[in-house]
Amino acid sequence: MFTTSTLTGSKAEQYRQLAEQTRALLHGEPDRIANAANLSALIYHALPELNWAGFYFFDGTELVVGPFQGLPACVRIPLDKGVCGAAASTRTTQLIEDVHAFPGHIACDSASNSELVVPLVKEGRLVGVLDLDSPVRARFDVEDQAGVEEIARLFLEALG
């Protein structure tokens with residue numbers, strides 16, 4: 001049985017703990033949907049000041065919403081639109097302090113003010129993105145980026 005524990009210590013220590021919880025949660029399960037669903041819930045409940053945490057998967061043409069926690073979201077995102085599209089098309093993490101200042105931002109939830117999107121790339125192939133939104137401007141920093149990139153790496157590793 002999987003149990004969560006409250007994250008403690010510095011932000012870096014908290015992300016190390018979250019990575020350990022992620023390893024335990026994904027252990028032995030290669031199914032992308034099952035892992036994305038559980039990981040979305042883990043992230044959403046573990047990290048403060050989030051209003052959305054989840055996945056968009058690349059279908060060969062665009063990003064399609066996958067498992068998430070939060071309010072209903074945009075179903076499809078073209079690779080040339082929004083923060084998620086930018087992360088997918090450039091294959092680089094997008095750390096956005098103010099989404100309203102981001103060119104082409106898609107307001108799926110008007111309460112979102114900052115965003116962190118990590119591209120999911122396995123063996124050179126785009127799988128999708130891991131997307132975190134917050135109602136707090138500048139909610140995410142480089143420590144969050146490093147921590148979420150590690151969680152994304154663990155997710156991809158579990159796919160086998």
Side-chain angles (χ1 to χ4, degrees), residues 1-8 11-79 81-96 106 108-109 111-112 114-135 139-140 143-160:
M1 174 184 8
F2 178 83
T3 59
T4 61
S5 59
T6 303
L7 304 178
T8 60
K11 189 182 280 191
E13 290 166 343
Q14 289 178 22
Y15 274 108
R16 279 193 290 278
Q17 293 163 34
L18 189 56
E20 286 304 314
Q21 290 179 11
T22 298
R23 282 185 192 88
L25 185 65
L26 304 181
H27 179 75
E29 180 53 64
D31 187 83
R32 157 177 103 159
I33 300 300
N35 286 341
N38 275 333
L39 195 50
S40 296
L42 177 66
I43 293 167
Y44 186 80
H45 291 286
L47 297 179
E49 300 177 319
L50 297 183
N51 62 322
W52 204 89
F55 291 80
Y56 278 90
F57 292 121
F58 184 57
D59 72 355
T61 303
E62 60 193 348
L63 297 170
V64 180
V65 71
F68 68 90
Q69 296 282 308
L71 293 176
C74 298
V75 175
R76 295 181 179 275
I77 299 176
L79 296 188
K81 300 285 185 211
V83 180
C84 288
S89 63
T90 65
R91 296 183 181 197
T92 59
T93 298
Q94 301 294 304
L95 175 62
I96 309 300
I106 302 168
C108 295
D109 181 350
S112 293
S114 61
E115 193 166 3
L116 175 61
V117 184
V118 177
L120 302 171
V121 179
K122 183 158 178 94
E123 297 169 357
R125 183 178 57 86
L126 179 64
V127 174
V129 299
L130 172 54
D131 180 19
L132 304 183
D133 292 9
S134 175
R139 156 63 180 88
F140 306 106
E143 283 186 287
D144 294 295
Q145 179 176 336
V148 176
E149 286 175 341
E150 175 64 7
I151 290 166
R153 188 191 69 72
L154 293 169
F155 172 80
L156 290 167
E157 186 179 273
L159 297 179

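Starting from 1, each residue takes its place in the sequence as its number.
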*Between E62 and R76, is there a salt bridge with N-O shorter than 4.0 Å?*
yes

*Does the pair R153/E149 count as a salt bridge with the N-to-O cut at 4.0 Å?*
no

*Do F58 and L120 come within less than 4.5 Å of each other through their side chains, counting heavy atoms only?*
no

*Using modelled atom types only, decide if a donor and an acceptor are shared between the side chain of Y56 and the backbone of C74 within a distance under 3.5 Å.*
yes

*Drop me the distance from T93's OG1 to I96's CD1, to the nearest 0.5 angstrom.*
10.5 Å

_Criterion side chain to side chain contact (heavy atoms under 4.5 Å, CB included) on I77 and V65, from CA distance to verdict_ = CA-CA 8 Å; I77 299 176; V65 71; over 6 Å; no

*Looking at S40 and P67, what are the two nearest heavy atoms and their distance?*
OG-O, 3.2 Å

*Can any side-chain N or O of E123 pair as donor or acceptor with the backbone N or O of R125 at less than 3.5 Å?*
no

*How about F55 and D131: do any of their side-chain heavy atoms sit closer than 4.5 Å?*
no

*asked:* To the closest 0.5 Å, what do you measure between CG (N38) and CD1 (I33)?
replied: 12.0 Å

*Do L132 and E115 touch side chain to side chain, with heavy atoms closer than 4.5 Å?*
no

*Got a second to check how far Q21's CD is from L26's CG, nearest 0.5 Å?*
11.5 Å

*Rounded distance [0.5 Å steps], CG in L159 versus CG in D31*: 9.0 Å

*asked:* Using side-chain heavy atoms (C-beta onward) and a distance below 4.5 Å, is L50 in contact with I43?
replied: yes

*Salt-bridge present (R23, E157; N to O < 4.0 Å)*: no

*Rounded to the nearest 0.5 Å, how far apart are CZ of F140 and CD of Q145?*
11.5 Å

_Going by side chain to side chain contact (heavy atoms under 4.5 Å, CB included), F57 matches just one of V127, V129, L126. Which one?_
V127

*Is there a side-chain contact between T8 and Q17 (heavy atoms, below 4.5 Å)?*
yes

*Donor-acceptor contact below 3.5 Å, side chain D59 vs main chain V64*: no

*Report yes or no: does W52 contribute a side-chain atom to a donor-acceptor pair with the main-chain N or O of L71 at less than 3.5 Å?*
yes

_If you apply the rule side chain to side chain donor-acceptor pair (under 3.5 Å), what do you find for S112 with N51, and how did you get there?_
CA-CA 7 Å; S112 293; N51 62 322; 3.1 Å; yes

*Side-chain contact test, heavy atoms from C-beta onward, threshold under 4.5 Å: evaluate it for R32 versus F155 and give yes or no.*
yes

*Heavy atoms, side chains only, cut-off 4.5 Å: are L42 and L39 in contact?*
yes

_Electrostatic pair D133:R139 at N-O distance under 4.0 angstrom_ = no

*If you measure only the distance, is there a donor-acceptor pair under 3.5 Å linking the side chains of T22 and E20?*
no

*So do V148 and L130 actually touch side chain to side chain, heavy atoms under 4.5 Å?*
yes

